[in-house]
Amino acid sequence: MKRCHRLALEEFSQLLARSGKEPFAFQKQTWRAYLQGEDGLVHAPPGTGKTLAALLGPVIDWSSSGAARATQAQSPLQLVWITPLRALATDLERSICQLLADLRIPWRAEKRTGDSTSSQRTRQRARLPEILITTPESLSVMLSWPDWSKHFASLRAIVVDEWHELLGTKRGVQAELAIARLKGIVPSLRLWGLSATIGDLDGAMQTLLVGTPLPKRRRIDAKQSKKIEIHSIIPQQIERFPWAGHLGVRLSREVIPIIERSQTTLVFTNTRSQTELWYQALLAELPALAGQMAVHHGSIDRSLRAWIEENLQSGKLKCCVCTSSLDLGVDFSAVDHVIQVGSPKGVARLLQRAGRSGHAPGQTSHLTFVPTNVLELVELSAVKMGIEKGWLEDRCPLEKPLDVLAQHLVTVALGGGFEPAALLAEVRRTAAYQQLSDEEWKWVLDFCQHGGSSLAAYPDYHRLVWDGLRYTVSSSRIARRHRLSIGTIVADAMIAVRYRKGGQLGMVEESFVGKMKPGDRFMLAGKILELVKVHDNTAWVKKSRGTTTTVPQWMGGRLPLSSQMSHALRSLFHDARDGTLASAEMEALAPIFEVQREWSMIPGARQFLVERLQNRDGYHLFFYPFDGRLLHEGLAVLFAYRMSRLEPISFSMAMNDYGFVLVSPTPPPLEKAIESGLLEAGPLTVDVLNSLSTSQMCRRQFREVARIAGLLFEGYPGARQPSRHLQASSNLFYDVFEKYDPENLLLLQAQREVLQSQLEIQRMRQVLERLSTSQMVILDLPRATPLAFGLLVDKMRDRVSSEKLADRIRRMQQPLQRAAEKIEGG
DNA sequence: TATTCCCCGCCAGGGT
């Protein structure tokens, strides 16, 4: 380290110590590594001082070199700080300004995000601040300025905050491309990532720092491990607790004492409608919470959410029921307890949520788990096992998504244009596009210039123009539309919900409002509302004094069970088979395990249990791989396909995280299918493509790809296209490509994304390999077992009215209940 | 009586 650096480091350490902020060891390590010219990844739990760690290297470097002060001719920009959340940008702006003031550094730190004011924008367009805090999307927008390179020429370092959140997403790839662009004009640019705990941290670092030579890469781990205490609410009479379902409101009473004795509580649920139901349930239990409790999820209006976040931060709210929308973001130091309703479905997710309480160095996080059905207690045990053994989910980097590249080419063309060979070299310096072939590059370039082979007649798709030296954009219409569409998040169009007088409450789906008539009531944002009319893409409502049980439901992904959780689940069932119940949750389940053992069996880790059962609904085959519902969906269709190839037979099916059921009107040829390769992994891709209605899935996925690549324009602000229009035009492109341009790489990409991300073909292969080397146990049973129960309920939901369903569920549960009670009694 | 369906982002020049 240079002498001037050493002196400056000493001086700042003392300054911090004097103001009561004795630096942590990992912070000092980060500063030293920075000053020695290294790039790196800082891994630290939330609330342990990552911001200061990443900030001080560039600050010391600048303050100890007199020359740096002279390079401010065009722009004083020193540091770009990339964050995935606008709310975080706001928070960082405040805390970094405070730190700079404490350290007496004459820098400005300013955010630039989609919610920046126009005066901020105008000012920044003339001159960027010393520290620019921004999102991957806003950074891309800035790269589309024709004179962007003048603004960024003085840049010295980039910090990528919450890198674990961006890794493995198209937003992350967009950030990689932007970083490569900036490195193109400042080759000496320094790069640091900040990450929470995830599975493959070295892989995470490798992806971000792919351009940094190995000896110059440093990983720094904050040694302060966060203490977490996890408790479960265990239902008094386990056998009378629901055996299926996911809402869990019947335990809301048990949650009240926790809320009462805590300063502030966050209640996490898995779906948006569930937050609304839990809010009402808690309010009914404790009316005094009115005014001190809020609902927070992705369909609540932004301004309302901002208000909630502010009041959480200041400790004015006692409780907030939320979805993943509060998984990360602003530090809420008042939160001292977290409640998780239902299975978190992943180890890292539970850790992240627990970490929202006790959010300061040295404090303990407290989390209480509320199960919604009996088997979720096993899942919580699985999470605890995962935490104990360090089985954390990985984030797999994406490989060359061509839609993101197409968008980037137009952005770069707007930003002063490009010379193809140079840009190709730059793009290949990112982890995502290292393996980009010449053919793929040419195809994307041609796609941006002519719209590919089938759209040559449409000028809107001739976005790039070759001027003999460079590719540029000449049409101002194309330029404007492109800047409006920068980004990789594709959301469904929704209907705004507004009071007749006053503000917007949130958004609901078109189809939900479509089913309602004026006068109908529903709940949103914790309020009971009455629909007045639907007009102008807006549902106008007024407050209602009545009650309702109607909750909007939003389309969204169902949280998939991670493979780490699957592994832990199998291991827990294995132990239960051998009589070991290693946690309070598992012990509570003893009567249920006993019923499963007596009526059928508890499968060990190397066993594959198949239960066969016939009743008036048909022939049932229950398979239990314990690999999560997403994967079971694929396996169910694959098995049905492979059996129906042997003889004509049709199946209906249902699946959950533990297994799946196939039901047929005639006996299924199970044994014959096993002999002829039911579990074979070899011809998997072909069979899956043949068996799944992949074209519907591909169409949906293609809409995302087409939007990102710039084929679909969502409309100008305030005049968004309705989602059915977009799906219609997306389908049109899909049909045209399929017919006239089947080798279209965007089409192939949509298929690949379906296979890899949705069907997890890679994992399916591994699962089949495991199953085929397991001992398959086929049992013929007279009645449904505890494991089968949830699948049967799910199966019936499709056909039966909800009243009859409840009756049938009660009837089905009775024998199980009696058996379990007998076991517990005796 | 019980409903399964996370999250995140995005313009700008010419007119009052």
Side-chain angles (χ1 to χ4, degrees), chain A residues 82-89 112-116 118 121-122 125 134-142 144-145 162 165-166 169-172 174-175 242 244-250 268-277 296-299 302 305 322-329 342-346 349 352-353 372-373 407 411 414 476 479-492 509 549-560 629-630 654 656-657 707-708 714-718 720 790 793-794 796-797 800-810 813:
Chain A
I82 301 174
T83 152
L85 248 66
R86 301 204 293 213
L88 270 176
R112 182 187 175 104
T113 60
D115 56 355
S116 298
S118 63
R121 281 160 195 269
T122 316
R125 190 69 186 79
T134 189
T135 58
E137 289 82 2
S138 284
L139 183 55
S140 289
V141 168
M142 288 183 266
S144 80
W145 293 347
E162 314 274 0
E165 192 63 23
L166 291 170
T169 69
K170 290 184 181 179
R171 302 186 72 202
Q174 185 161 44
H246 80 288
L247 287 179
V249 271
R250 77 156 67 188
F268 281 101
T269 68
N270 287 342
T271 70
R272 282 169 272 185
S273 47
Q274 206 176 0
T275 59
E276 301 280 350
L277 283 164
H296 192 287
H297 59 71
S299 293
R302 282 202 177 278
R305 285 162 65 180
C322 57
T323 59
S324 296
S325 55
L326 288 183
D327 267 2
L328 75 162
S343 166
K345 304 290 179 193
R349 185 175 295 111
Q352 179 88 37
R353 291 182 173 177
T372 62
N373 64 51
Q407 186 181 105
T411 302
L414 276 169
S476 59
R480 178 146 190 256
R481 283 165 61 128
H482 181 78
R483 290 201 176 97
L484 275 167
S485 322
I486 281 181
T488 61
I489 298 171
V490 181
D492 271 315
E509 292 196 346
T549 53
T550 310
V551 199
Q553 280 167 14
W554 292 267
M555 275 280 281
R558 209 182 305 222
L559 297 177
R629 96 163 255 135
L630 212 63
N656 62 20
D657 282 325
R707 216 297 270 139
I708 296 171
E714 285 184 340
Y716 293 96
R720 296 273 172 211
V793 171
D794 222 41
M796 291 187 315
R797 258 198 251 294
V800 189
S801 76
S802 57
E803 203 169 327
K804 282 197 189 128
L805 176 65
D807 277 350
R808 289 194 64 174
I809 290 174
R810 250 197 310 280
Q813 183 162 343

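Nothing here was measured: the structure is a model prediction, and the numbers come from that model. Within every chain, numbering begins at 1; the chains are lettered A, B, ... in the order of the sequence lines, protein sequences first and strands thereafter.
Legend: residues meeting ring pair (Phe, Tyr, Trp, His ring centres under 6.0 Å) with A:H297, ordered by chain and number and at least two apart, are A:W554. Remark: A:E714 pairs with A:V490, A:R707, A:R720, A:L726 by the side chain to side chain contact (heavy atoms under 4.5 Å, CB included) rule, at least two apart or across chains. Annotation: side chain to side chain donor-acceptor pair (under 3.5 Å) contacts of A:N270 (sequence neighbours excluded): none. Here A:T488 pairs with A:K170, A:R171, A:Q174, A:V404, A:I708 under the side chain to side chain contact (heavy atoms under 4.5 Å, CB included) rule; sequence neighbours left out. In this view, A:S144 and A:R483 satisfy the side chain to side chain donor-acceptor pair (under 3.5 Å) rule, not counting sequence neighbours. Shown here are the side chain to side chain donor-acceptor pair (under 3.5 Å) partners of A:T134, two or more places apart in sequence or in another chain: there are none. Remark: A:S325 engages A:H296, A:T323 in a side chain to side chain donor-acceptor pair (under 3.5 Å) (not counting sequence neighbours).
Remark: C1' of B:dT4 and CG of A:D794 are 8 Å apart, rounded to the nearest angstrom. A:N270 has its CG atom 15 Å from the C1' atom of B:dT3, to the nearest Å. In this structure, the CZ atom of A:R349 is 12 Å from the P atom of B:dC6, given to the nearest Å. If you measure from atom CZ of A:R481 to atom C1' of B:dC10, you get 15 Å, rounded to the nearest angstrom. B:dA2 atom C1' lies 10 Å from atom CZ of A:R810, rounded to whole Å. The interatomic distance linking A:L328 (CG) with B:dC6 (C1') rounds to 12 Å, in whole Å. To the nearest angstrom, P of B:dT3 lies 12 Å from CZ of A:R558. The distance from atom CE of A:M142 to atom P of B:dC11 is 9 Å, rounded to the nearest whole Å.
A:T269 comes within 4.0 angstrom of nothing in the nucleic acid, heavy atoms only.
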Polar atoms only, N or O, under 3.5 Å: list the protein pairs with nucleotides 12-16 of chain B and their distances.
residue, atom, partner, partner atom, Å
B:dA12, OP1, A:R483, NE, 3.3

Taking only nitrogen or oxygen atoms into account, show me every contact under 3.5 Å that the protein makes with nucleotides 7-9 of chain B, one pair per line with its distance.
residue, atom, partner, partner atom, Å
B:dC7, OP1, A:G298, N, 2.8
B:dC7, OP1, A:T323, OG1, 2.7
B:dC7, OP2, A:R272, NE, 3.0
B:dC7, OP2, A:R272, NH2, 3.4
B:dC8, OP1, A:R305, NH2, 2.2
B:dC8, OP2, A:R305, NH2, 3.4
B:dG9, OP1, A:R86, N, 2.9
B:dG9, OP2, A:R302, NH2, 2.7
B:dG9, O4', A:R171, NH2, 3.4
B:dG9, O3', A:T135, OG1, 3.4
B:dG9, N1, A:I489, O, 3.4
B:dG9, N2, A:I489, O, 3.4
B:dG9, N2, A:R707, NH2, 3.2

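A close approach under 4.0 Å does not occur between any side-chain nitrogen or oxygen of A:T271 and OP1 or OP2 of B:dT4.
Taking syn as a glycosidic angle within 90° of 0, B:dC5 does not qualify and is anti.
Residues A:R353 and A:D327 meet the side-chain proximity criterion, which asks for heavy atoms closer than 4.5 Å. You'll find the side chain of A:R349 reaches within 4.5 Å of the side chain of A:L559, heavy atoms only.
Among B:dT4, B:dA2, B:dC6, the nucleotide with an atom closest to any side-chain atom of A:T549 is B:dA2.
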